[in-house]
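In what follows, a structure is listed as structure tokens, so that the remarks can point back to it.
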Amino acid sequence: MTVLDGKKTAQDLKEEIKLSVSKIKAGGKRPPHLAAVLVGNDGASLTYVGSKVRSCEYVGFDSTLIRLEESTSEETLLKKINELNHDDHLDGFIVQLPLPKHINEEKILLAISPTKDVDGFHPSNFGRMALEMDAFIPATPYGIIELLERYQIKTSGKHCVVVGRSHIVGRPISILMSQKGPAGNATVTLAHSRTEDLASLTKNADIVVMALGIPEYLTADMVKEGAVIIDVGITRVADEKHPKGYVIKGDVAYEEVSKKVAAITPVPGGVGPMTIAMLLKNTLFAYQRKN
Ligand code: GUN
């Protein structure tokens, strides 16, 4: 059984990016610059954004964290986005999701310039990705593709079941794996909360991508012997015994499933670190496109 080590792979990627940045700087040019906008104080979002900023510093990028109060109006956020769109010293930026309920997420994502949309959430980038044109690919599915490639997991002709149809993970990974590109050419089934008899699908899958957000949902009886399991779940589950008061759980019952399969991503240390590394990669692309 192979553990698909996202932590190590992400570290390798960061070293590659760091090297590119040092060459840029040696040439007397400014480094790539990523900004992150965080509205409110959601604990998980704070952790993710903090991690993104630290990773920028590690590879030598400039980074800016813009923190806005929970009560920030949609209008103020749109103004901030407009400013960032026109900032020549900024190559890319993200608006961390979820946003407070009084802000229309769709309106915000549409306001981000597609050329700076390193999250790949703008319809222009999503559409271009779906049409196999040059585009920013959302970091989590992009990270899964990179992990499958680096571990030389065969996807061509294989049956892949993606569980979850979110715009950020399930939908894009189902598109990417069915395309002709890297980690592609799979026959993809996109299952979701309304799917009947999910187990009959996952049991016949060569590759299962779990992006449902329900802790330990995929159990050993639901998978085929020798399958490849990608776990995108990262749910905080209350645990008084843990100093933080919670533990992070994936969508896969790791203990039992790992005994039956050929390869699996752990949680934490699987897809999560890859997401951050691919955001950096997209930012480097944005910089290279501009310069
Ligand atoms: N919230 C959860 N994942 C993401 C992500 O990849 N990007 C942004 N902006 N928000 C998120």
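As the structure lists them, so they are numbered: ligands from 1, and atoms in each ligand from 1. Predicted, not measured: the structure shown is a model, and the values here were computed from it.
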Counting only heavy atoms, which portion of Leu279 has something under 4.0 Å from ligand 1: side chain, backbone, both, or neither?
neither
Whether Tyr48 lies under 4.0 Å from ligand 1, heavy atom
no
Quick check on His167: does its NE2 atom have over 12 non-hydrogen neighbours (other residues, nucleotides or ligands) under 6.0 Å away?
no
With a 4.0 Å cut-off, would you call Arg150 and Glu146 a salt bridge?
yes
Side chains of Thr9 and Glu149: closer than 4.5 Å at any heavy-atom pair?
no
When rounded to the nearest 0.5 Å, the distance separating CD1 of Ile248 from CG of Asp239 is 11.0 Å
Does an N or O from Gln96, backbone or side chain, lie closer than 3.5 Å to an N or O of ligand 1?
yes
Return a yes/no value for Asp119: is any of its N or O atoms, backbone included, closer than 3.5 angstrom to an N or O of ligand 1?
yes
So for ligand 1, is Ile94 a polar contact partner (N or O within less than 3.5 Å, distance only)?
no
Looking at Phe136, I'd like to know if the NZ or CZ of Arg289 sits under 6.0 Å from its six-membered ring centre while staying within 45 degrees of the ring's axis.
yes
Look only at interatomic distance and state if Leu97 has a nitrogen or oxygen under 3.5 Å from any nitrogen or oxygen of ligand 1.
yes
